[in-house]
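A short worksheet on the structure shown next.
So that the names make sense, note that chain A is the first sequence line, chain B the second, and so on, each numbered from 1.
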There are 2 protein chains.
Amino acid sequence: MDKSILFNKFVSFSASVHRVTHELTKDVKSDSITQVQYKILENIAISQPVTPSEINDCMQMSMPNTSRELSKLSEKNLIKKIGDSKDKRKQYICLSQDGELLMNEAFASIESRFLERIQNATKEDLKDIERSIDILQTKLFYSNYK
Amino acid sequence: MDKSILFNKFVSFSASVHRVTHELTKDVKSDSITQVQYKILENIAISQPVTPSEINDCMQMSMPNTSRELSKLSEKNLIKKIGDSKDKRKQYICLSQDGELLMNEAFASIESRFLERIQNATKEDLKDIERSIDILQTKLFYSNYK
DNA sequence: CCTCTTATTTATCATTTGATAATCAAATCA
DNA sequence: TGATTTGATTATCAAATGATAAATAAGAGG
């Protein structure tokens, strides 16, 4: 098996994934927040509660910038900060009610576009898609760190 | 088949793809260019020659901004602009020698990280991966427009 | 030839993002 | 206790990006 060919397929495949996800998520974010802020909210939504440092690591930005964006999200009442009772330096970030609402809407809109995209797929196709996702997720796009 | 479950898998899958490609491509770009400029070069590298408008569509930016970034790449001698002999409004963009060099280095570095990632995969795994990519590319991450 | 459209560029602007240094307060540790 | 480390914030700055209006210049169609 020629791994170079596989690499080429990988390159064009990930380009496709990026293009399609961009298409699906285009304009779903409310105009009141920026792209990074939306990404942060997404991050929080998926794994809340999180500490600013964790967000920081995932998003690969610097602490001062993370902090700044979190403040902005806080001002907009989209997140809540909850102090750790043990270690008073730490905080836990959750979505506020408004934040939950915003993200639910966003996800709903993405899901409906997704369903549109697979509307013509047969039962067989869907099975294939599911299996393929599972395979790639475990064998190629796995995570190194816990 | 529950399409909602599939949607959830899709969400976590595309997050994985983004994370992994980010890992593979992290720091491969030379410091002399910005992130967008690198993306544009990637785009050109894959489908040269391209017109500014085409880049524009793929990258989903506005023409004035595309034009600006192309000029910058031109100043840095990373691309060449070739006029269309028929339609003098059109141009074709290619990588210059320096540009080719830069992108070859980048791709080589990405490829070596990619190979590392699949180094423990068996022949069977590789076959599975390849088939899965093909399936997803045609059935899920297909392109709508030509 | 005159208009209309297309492909691109120039100029300008506000906003977002990234990076750095300095500060603060709480925890840890010697 | 005093020094150091950790988690987070504030302030500031330069650079990158995005958006808009306006200009240019060449095709296309009547």
Q91(A) versus T51(A), side-chain donor and acceptor atoms under 3.5 Å: no
Salt bridge (charged side-chain N to carboxylate O under 4.0 Å, His left out) partners for D57(A), two or more places apart: none
Partner residues of K29(B) under the side chain to side chain contact (heavy atoms under 4.5 Å, CB included) criterion, sequence neighbours left out: I33(B), Q35(B), Y38(B)
Counterpart residues, side-chain hydrogen bond (donor to acceptor under 3.5 Å, both in side chains), relative to R68(A) (two or more places apart): N65(A)
Euclidean distance, atom CE of residue M61(B) to atom P of dT20(D) [Å, nearest integer]: 14 Å
Length of the CD-C1' vector between E69(A) and dT15(C), whole Å: 11 Å
Close residues, residues 33-50 of chain A, relative to DNA chain D [heavy-atom separation under 4.0 Å]: none
Value in whole Å for how far the C1' atom of dA7(C) lies from CD1 of I55(B): 13 Å
NZ/NE/NH1/NH2 to OD/OE distance under 4.0 Å, K127(A) and E124(A): no
Under 3.5 Å between N/O atoms: give me all the protein pairs with nucleotides 25-28 of chain C, atom names plus distance.
residue	atom	partner	partner atom	Å
dA27(C)	OP1	K86(A)	O	3.0
dA27(C)	OP1	K88(A)	N	3.0

Qualifying residues under side-chain hydrogen bond (donor to acceptor under 3.5 Å, both in side chains), relative to S30(B), sequence neighbours excluded: S32(B)
Rounded interatomic separation in angstrom, taking NZ from K29(A) and P from dG18(D): 12 Å
Pairs touching residues 101-121 of chain A that satisfy ring-ring contact (aromatic ring centres under 6.0 Å, His included), sequence neighbours left out: F114(A)-F7(B), F114(A)-F10(B)
Listed partners of R113(B) passing side chain to side chain contact (heavy atoms under 4.5 Å, CB included), at least two apart: L24(B), K26(B), V28(B), S109(B)
Rounded distance in Å - NZ (K90(A)) to P (dT5(D)): 18 Å
Residue pairs, two or more places apart or on separate chains, that pass side chain to side chain donor-acceptor pair (under 3.5 Å) and touch residues 96-106 of chain A: Q48(A)-E100(A)
For nucleotides 9-13 of chain D, give me every protein contact, N/O to N/O, under 3.5 Å, one pair per line with atom names.
residue	atom	partner	partner atom	Å
dT9(D)	OP1	K81(A)	NZ	3.2
dT9(D)	OP1	Q91(A)	NE2	3.2
dT9(D)	OP2	S67(A)	OG	2.9
dT9(D)	O5'	S67(A)	OG	3.3

Can you give me every donor-acceptor pair (side chain of residues 78-85 of chain A, partner residue at least two apart or in another chain, under 3.5 Å) with its distance?
residue	atom	partner	partner atom	Å
D84(A)	OD1	K86(A)	N	2.6
D84(A)	OD1	D87(A)	N	3.2
D84(A)	OD2	Y92(A)	OH	3.0

Non-neighbouring partners of K72(A) that pass salt bridge (charged side-chain N to carboxylate O under 4.0 Å, His left out), sequence neighbours left out: E69(A)
